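Worksheet: the structure to be examined is printed underneath.
The model shown is predicted, which means the values in this text are computed figures rather than measured ones.
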Amino acid sequence: MRGRLGQPRDQGDAEPFRLVSRHSTAAGSTMWTRCGCGSLQVRAVDGRGTRVVTRSRPPAGVVPPARTCGTRG
């Protein structure tokens, strides 16, 4: 069973995403995460904080609600 975009699947108060990998960069780090709905995200972490810089579309059949998964839309 897949969760709604931005919502964890049966994980209580867990983050709505899971860490896939983390890589050091000159400015901080890059995190690849997977949303509860299955969308893949790239997050930049630096002195300004953490922000989603790009993400894939959710899998077919998942209709995302507005403003979820750490994006502003």
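Between the OG atom of Ser39 and the CZ atom of Arg34 there is a distance of 7.5 Å, given to the nearest 0.5 Å. Atom-to-atom distance recorded for Met31:CE and Phe17:CZ is 5.0 Å, nearest 0.5 angstrom. In this structure, the separation between CD on Gln41 and CZ on Arg51 is 14.0 Å, given to the nearest 0.5 Å.
Cluster partners of Trp32 are Val20, Leu40, Val42, Val53, counting Ile, Leu, Val, Met, Phe, Trp and Tyr whose side-chain heavy atoms approach within less than 4.5 Å, directly or via other members.
Enclosure of atom CZ in Arg57 is not indicated, since only 12 or fewer non-hydrogen atoms of other residues, nucleotides or ligands lie within 6.0 angstrom.
Scanning for side chain to side chain donor-acceptor pair (under 3.5 Å) contacts around Thr54 gives an empty result, with sequence neighbours left out.
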